[in-house]
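The structure under discussion appears below in the form of structure tokens.
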Amino acid sequence: MLIHALCLAAASAVLVTSAPLSVGGPQPGETSYYSTYRGKVDAFPANVTKSARLPTLNGPPGDDDLLFQNLLSAEWAIYSFYQQGVARFNTSAFEEAGFPNTTYDRIAEIRDNEAGHLAIFQEAISSASTRPGACEYQYPYTDATSYLELGTLLEVSSMAFLTGLVLQAKLDVSKAALVAIAETESRHNTWSLMDVWRANPFAGPSDTIFPYANEILETTNLFIIPGSCPPENPPYPSPSQKLPFISNVGNATLEPGSQINVAFPDKSNQPKFVDGKDYYLVAFHGVNNASSPFDVKTGTAVIPADIEPHKGIIIFVIADCPGAPTLESVVAGPLIAPQYT
């Protein structure tokens with residue numbers, strides 16, 4: 001009996017402390033559903049609600065509830081992108097655009113995986129916190145090719161914000177879950193780069209760590225149709241800096257050592273540069289970052305030359321301090337630049 005009790009105590013210490021999905025549904029890891037479902041209709045099981053779910057227990061939130069609330073809200077956007085692709089396209093649409101005849105099936109399998117991520121993230125949020133529901137989304141693609149281009153960017157972005165979320169996690173089990181999800185996202189990204197674009201998927205010895213994950217999560221709000229989110233949803237992301245987004249103007253390759261010219265496309269949200277203060281273009285790549293002076297009048301900077309070219313991704317921000325050492329030092333961004341060739 002004592003050994004049994006010790007085993008139960010040890011198990012409870014490593015499991016995510018939350019209630020199981022209250023309305024049932026297939027459990028990831030226990031069924032092939034999230035790998036083999038191939039229907040065009042919604043892959044998220046019909047008996048599991050897509051609405052926000054309010055807390056059912058009084059008490060303090062779980063240690064990583066906020067992290068998984070943010071991640072669940074982001075996952076709704078990513079899952080919906082793949083569900084839209086499965087519903088809109090078919091095998092012929094990708095073949096006629098010049099892509100392998102396995103492309104549609106892979107998109108459907110990724111859609112299934114993302115539905116499984118939804119279930120995992122829902123279950124990771126304790127019953128003392130709200131589980132965010134799905135919004136309605138609109139994505140900037142027009143055909144099979146632009147759809148796959150956006151999908152690759154989403155997968156690259158997912159890898160970047162997952163590394164940042166590991167830094168936010170308080171529980172070891174949460175950190176392990178994030179790494180496990182990142183491993184799956186990395187497989188998605190590798191397939192996209194190799195099979196779809198015939199590119200080298202290797203990112204060098206390390207892909208990019210970006211410490212301010214919520215800044216990337218913020219970019220998914222661009223896909224939300226205004227007013228479509230459940231009113232019960234918590235603010236997303238939280239906390240949010242609501243930074244001005246930056247876009248690349250006139251430099252298609254973004255080679256290290258070349259000049260980059262950036263713009264701030266949202267006229268209602270422009271950076272507030274202080275006269276006489278120095279600002280920097282900070283380029284995160286691998287486990288490091290590098291900085292160069294940013295000219296606020298021309299919107300130009302030189303991409304730091306000491307970055308390995310054509311490997312992984314570079315994530316740019318504008319900061320008021322070299323290296324963007326704190327969240328508060330970032331004044332605009334991010335700009336995510338895949339470097340695969």
Side-chain angles (χ1 to χ4, degrees), residues 40 42-43 50 70-71 73-90 93-94 96-99 103-104 106-108 110-111 113-115 117-118 134-162 185 188-189 191-193 196-197 199 210 213-229 236-237 240 242-254 260-270 299 313-317 332-340:
K40 275 189 170 289
D42 211 334
K50 296 175 73 174
N70 285 331
L71 192 48
S73 293
E75 186 61 43
W76 279 122
I78 294 171
Y79 163 76
S80 297
F81 169 79
Y82 284 107
Q83 177 58 43
Q84 281 190 22
V86 170
R88 174 172 174 174
F89 299 112
N90 55 29
F94 292 109
E96 291 168 2
F99 299 105
T103 302
Y104 180 79
R106 289 288 180 266
I107 292 294
I110 293 173
R111 183 273 315 267
N113 289 176
E114 303 297 354
H117 294 169
L118 288 171
C135 307
E136 295 179 18
Y137 307 91
Q138 187 171 17
Y139 305 92
Y141 65 86
T142 56
D143 54 21
T145 299
S146 59
Y147 176 84
L148 291 173
E149 289 172 346
L150 180 55
T152 302
L153 182 59
L154 288 176
E155 293 296 341
V156 167
S157 300
S158 295
M159 289 299 303
F161 69 63
L162 284 166
E185 297 294 355
H188 296 168
N189 193 38
W191 163 77
S192 177
L193 291 167
V196 174
W197 303 114
F210 185 68
N214 285 21
E215 293 175 1
I216 298 179
L217 295 178
E218 182 81 55
T219 65
T220 63
N221 280 325
L222 296 171
F223 305 135
I224 295 175
I225 296 174
S228 68
C229 296
Y236 166 76
S240 170
K242 294 183 168 46
L243 292 176
F245 294 126
I246 60 178
S247 59
N248 169 36
V249 181
N251 185 341
T253 60
L254 296 180
I260 182 174
N261 188 357
V262 305
F264 308 99
D266 185 353
K267 299 305 180 184
S268 66
N269 188 13
Q270 295 288 296
I313 59 173
I314 305 174
I315 301 180
F316 297 100
V317 299
L335 171 64
I336 300 172
Q339 297 294 296
Y340 303 98

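Numbering of residues begins at 1 and proceeds along the displayed sequence. Values below: all heavy atoms of this structure, side chains included; hydrogens, waters and symmetry mates excluded.
Judged by distance alone, with hydrogens and angles left aside, the side-chain atoms of Asp143 form a donor-acceptor pair with the main-chain N or O of Ser146 at under 3.5 Å. A donor-acceptor pair is defined here as one N or O able to donate and one able to accept, closer than 3.5 Å; such a pair exists between the side chain of Thr219 and the backbone of Ile216. Here the side chain of Asn269 pairs a donor or acceptor atom with the backbone of Lys242 at under 3.5 angstrom. The backbone N or O of Leu222 lies less than 3.5 Å from no partner atom in the side chain of Gln138, so there is not a single donor-acceptor pair.
A search for side-chain hydrogen bond (donor to acceptor under 3.5 Å, both in side chains) contacts involving Glu155 returns Tyr82, not counting sequence neighbours. In this view, Tyr139 satisfies the side-chain hydrogen bond (donor to acceptor under 3.5 Å, both in side chains) rule with no residue, not counting sequence neighbours. Residues satisfying the side chain to side chain contact (heavy atoms under 4.5 Å, CB included) criterion with Ala263, sequence neighbours excluded, are Ser247, Val249. With sequence neighbours excluded, the residues satisfying side-chain hydrogen bond (donor to acceptor under 3.5 Å, both in side chains) with Gln84 are Tyr141. Applying the ring-ring contact (aromatic ring centres under 6.0 Å, His included) test to Phe99 and every residue at least two apart in sequence or in another chain returns Trp197. Looking at residues two or more places apart in sequence or on another chain, you find a side-chain hydrogen bond (donor to acceptor under 3.5 Å, both in side chains) between Ser192 and Thr152. Evaluation of the side chain to side chain contact (heavy atoms under 4.5 Å, CB included) rule for Leu243 yields Glu215, Gln241, Val330 as partners, not counting sequence neighbours. Under the rule for a side chain to side chain contact (heavy atoms under 4.5 Å, CB included), the partners of Cys229 that lie at least two apart in sequence or sit in another chain are Cys135, Ile224, Asn233. In terms of the side chain to side chain contact (heavy atoms under 4.5 Å, CB included) criterion, residue partners of Ala115 (sequence neighbours excluded) are, by chain and number, Tyr34, Ala43, Phe44, Tyr79.
When only modelled atom types and interatomic distance are considered, Thr220 and Tyr236 share a side-chain donor-acceptor pair under 3.5 Å.
For the residue pair Val86 and Arg111, the shortest heavy atom distance occurs at CG1-NH1, 3.5 Å. Pairing each heavy atom of Ala97 with each of Thr145, the nearest pair is CB-OG1, 3.9 Å. Nearest heavy atom pair, residue Thr142 against residue Arg88, reads O-NH2, 2.8 Å.
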- Go through the steps to decide whether Phe316 and Val262 satisfy the test side-chain contact (heavy atoms from CB on, under 4.5 Å), and finish with yes or no. CA-CA 10 Å; Phe316 297 100; Val262 305; over 6 Å; no
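When ring centroids are compared, Phe94 and Phe89 come within the 6.0 Å threshold.
Here the straight-line distance linking atom OG of Ser158 with atom CD of Glu114 works out to 6.5 Å at 0.5 Å rounding.
Applying the side-chain contact (heavy atoms from CB on, under 4.5 Å) test between Gln339 and each of Ile314, Thr253, Val156 identifies Ile314 as the sole match.
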